[in-house]
Structure formats: C-alpha cells, structure tokens
2 protein chains.
Amino acid sequence: MLISEFARQAGISTDTVRFYVRKGLLKPEQSVKGGANPYQIFSEDHLDTARIIKLAQSLGFTLREIADLGEEYASAGMSLDRRLEIMRSQCDRFDAKAKQINAVRQYMRCKIAWMENGEKGPEPRFGNTACG
Amino acid sequence: MLISEFARQAGISTDTVRFYVRKGLLKPEQSVKGGANPYQIFSEDHLDTARIIKLAQSLGFTLREIADLGEEYASAGMSLDRRLEIMRSQCDRFDAKAKQINAVRQYMRCKIAWMENGEKGPEPRFGNTACG
DNA sequence: GTTGACCTTGGACCTTGGTCTAGGGTTATA
DNA sequence: TATAACCCTAGACCAAGGTCCAAGGTCAAC
C-alpha cells in the first residue's frame, strides 16, 4: 500500500511515517512508480512494526532504542541463533520494564490499603518495596 | 534539606529540581532564609515523590501527566474519599500500562518460541494476542 | 492535455524536558 | 569583614519527536 493508506491504517500522520523511515524504524520497498522520487510501498509487516513502535514508545523507549531493537527487522541475513539472541535481549528489556511498573503498582495498592484503613501507622514509602 | 542536597539524594541536577518545581511536580517549603528569594526546603516526602517521578517518566508518562497524577501531593485539604478516588484512578493508569507491556512480552515470547521451533508455520503477529 | 489527488524532497517551526550561563543575594567560617 | 560556598531568577540554548508548508513530479480519469 502507499504511504497515506499505510498512515491511515497505522493511525499516524504521513509526516510521521516519513520521519520514521528517515530514522530507520520503517524500511518500505520502493515502487517502480514515481520516477526520480519513487513511491514507498508498505506491507502488513510494516503495520505490525508500527504497532510495536507505538507501544514501545508509550512505554518510554526512545525511537533510537526502538530502532536498535528493530534490528530484528533488518536481520534478513542473520543466523537464527543471532536473531534469537537479539530477540531474547529485547525481551529482557521489556521484562525489566514490567518489573518497574509492578513495583509502582505494588506501592500504590499498598498506599490505597493504608488510606482505606484510615491512614493509621506510617505512610507507605516507595523506598520500602515490602509494604504489605 | 536544601536544594543541592536534595538533588544529590534524588540523583537529579539542581536545574532539574527547579524545573520540576516550576512545573508543579515538587512543592517545597519556603525557608525564612534567603531574603527576597527564599531558599527552598525539601523533605523525605519530596524524595519519595522524586523517585516516583523518575519511574513514571521511564514508563512513558509525560511530566504533565505526572503532575496531574501528583495532585495527590497537593491534596492536603481533600477528603480521604476524594484522595482515595484519585489514587485508584492513578492505579488504573498504571494497571493499563502493565497490560500493554504484558501484551508485548507475550508477543515476544511467542515469537521466540516460533523461532526456537525453526520458524515453522506463520510468523506470529502482534495483532494476534492469542498466539500460544 | 488538464485537473485533482497523490507522491517526493527540503527546510522552517513547535513542544517537551531539560541544561547552561549570567547576574546578583545570603550564609557560614575564618 | 572578606571569602567560599551556597541560594535565587531570568533567559538562551539543546536534542528528541514531530508538524507544517512550499515547490515540484506523477498518476488516473475525464
């Protein structure tokens, strides 16, 4: 599909799509159409990538990190083992993120319980992970 | 404590602390010292706030969102019920974030399994949450 | 062959989240 | 009472992540 259709389906602007292409986050095919400035062709795979970019971004990864992470997509010539290694280390980063967020959630649940209980005793602090 | 000590303990620069104060994320007390430009006094509570700001930020919340979320800290005059309500809605936002990240983790684990299995069958897509 | 809807590049501009510098006041210690 | 080591404000500057034209090429349909 062409850029505007892709942008529509991905829920981002064509400007942003071009920005991502410049940054190496998306690597569209080149169409034979368009003469000296060939049109860019996007696929379902690219839509998948766009979804992950949006999510990773909303989780606080920078575009630079996402692009590095997206090496996966530039991995056509890599061995399966190498690609697996990359995927596993990416996975680790998301796991670390999950740990962070769960720490915050635990703290908040803990604080809510303290409030529900009439704010008796010391206010839970984020420092103490063990607040139950 | 004064700003430089606070900044040191919080692991951020004094410039950033002042920036956060301007943005309403931190609300230090005013010292009697300092004449026309009174010194700012920070407490353990503020350190706790700083820790949460850093974490929330690393999870992709904007400072604006964190400040709104931090209404809690400006809640001295609010009823317990109102504060509980705010805390619960904050908690919901973190829960939503946790769901997002778990979706990504599931996708990645799924993809790794597919690769470990020799990339047989269709490549898992992020769209399909059910990929086991 | 012209009209409208696309596409391209290039560069200016905006917001967010800081960082840095200048200029000046305050405090503690000697 | 002078000096170092703080504190304050105000404003310029920076990088990231976009956003918004302008100028021009292409395509499909009439």
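Each chain gets a letter, A, B and so on, in the order its sequence line appears, and its residues count up from 1.
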*Asks:* First contact, last contact: which nucleotides of DNA chain C are these for chain A, 5' to 3', heavy-atom distance under 4.0 Å?
*Replies:*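 Terminal contacting nucleotides, 5' to 3': C:dC6 to C:dT9.
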*Asks:* Salt bridge (Lys or Arg N to Asp or Glu O under 4.0 Å) with A:Glu44: which residues, sequence neighbours excluded?
*Replies:*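 Testing A:Glu44 for salt bridge (Lys or Arg N to Asp or Glu O under 4.0 Å), a comparison that skips the adjacent residues, returns none.
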*Asks:* Can you list everything that forms a side chain to side chain donor-acceptor pair (under 3.5 Å) with A:Ser31? Sequence neighbours excluded, please.
*Replies:*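 A:Ser31 satisfies side chain to side chain donor-acceptor pair (under 3.5 Å) with no residue once adjacent residues are dropped.
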*Asks:* Would you mind classifying the nucleic acid contact of A:Thr62 as base, sugar-phosphate or nothing, using non-hydrogen atoms under 4.0 angstrom?
*Replies:*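 Sugar-phosphate, no base atom in range.
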*Asks:* Look at B:Ser4 and D:dC7 and indicate whether a side-chain polar atom (N or O) is within less than 4.0 Å of OP1 or OP2.
*Replies:*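 Yes, within the criterion.
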*Asks:* Please name all residues satisfying side chain to side chain donor-acceptor pair (under 3.5 Å) with B:Glu29, sequence neighbours left out, ordered by chain then number.
*Replies:*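 With neighbours one apart ignored, the set is empty.
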*Asks:* Does B:Leu2 sit in a hydrophobic cluster with other residues, and if so which ones, taking ILVMFWY side chains as linked at heavy-atom separations under 4.5 Å, directly or through other members?
*Replies:*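 Besides B:Leu2, the cluster holds B:Tyr39, B:Ile41.
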*Asks:* Please report, rounded to the nearest Å, how far the C1' atom of D:dG11 is from the CZ atom of B:Arg18.
*Replies:*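 Taking atom C1' of D:dG11 as the reference, CZ of B:Arg18 is at 14 Å.
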*Asks:* Give the rounded distance in Å between these two atoms: CZ of B:Phe6 and C1' of D:dC6.
*Replies:*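 After rounding, the gap between these two atoms is 17 Å.
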*Asks:* Can you pull out every side-chain hydrogen bond (donor to acceptor under 3.5 Å, both in side chains) where at least one residue sits in residues 94-103 of chain B? Sequence neighbours excluded, please.
*Replies:*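 For residues 94-103 of chain B: A:Ser58-B:Gln100, A:Arg105-B:Asp95, B:Asn102-B:Arg105.
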*Asks:* State which residues pass side chain to side chain donor-acceptor pair (under 3.5 Å) with A:Thr14; sequence neighbours excluded, sorted by chain then number.
*Replies:*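 Result, side chain to side chain donor-acceptor pair (under 3.5 Å) vs A:Thr14: none returned.
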*Asks:* With sequence neighbours excluded, tell me which residues meet ring pair (Phe, Tyr, Trp, His ring centres under 6.0 Å) with A:Phe61.
*Replies:*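 In terms of ring pair (Phe, Tyr, Trp, His ring centres under 6.0 Å), with neighbours along the sequence ignored, A:Phe61 is linked to A:Phe94.
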*Asks:* Quick check on the helix from C:dG1-D:dC30 to C:dA30-D:dT1: what's the angle between its two end axes, five base pairs per end, to the nearest 10°?
*Replies:*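 The two end axes of the helix from C:dG1-D:dC30 to C:dA30-D:dT1 meet at 0°.
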*Asks:* Report the residues that fulfil ring pair (Phe, Tyr, Trp, His ring centres under 6.0 Å) with A:Phe6, sequence neighbours left out, ordered by chain and then residue number.
*Replies:*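 Partners of A:Phe6 by the ring pair (Phe, Tyr, Trp, His ring centres under 6.0 Å) criterion, ordered by chain and then number, come out as A:Phe42.
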*Asks:* Is a side-chain donor-acceptor pair under 3.5 Å present for B:His46 with B:Thr49?
*Replies:*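 Their side chains do not contain a donor-acceptor pair, so the 3.5 Å distance test is not met.
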*Asks:* Between protein and nucleotides 19-30 of chain D, map the contacts as a letter string: B base, S sugar-phosphate only, - none, heavy atoms under 4.0 Å, written 5' to 3'.
*Replies:* SB----BBSS--
*Asks:* Is there any salt bridge (Lys or Arg N to Asp or Glu O under 4.0 Å) pair reaching into residues 8-20 of chain B, and which pairs are they, with sequence neighbours excluded?
*Replies:*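 Counting only pairs at least two positions apart or across chains, the salt bridge (Lys or Arg N to Asp or Glu O under 4.0 Å) contacts touching residues 8-20 of chain B are B:Glu5-B:Arg8.
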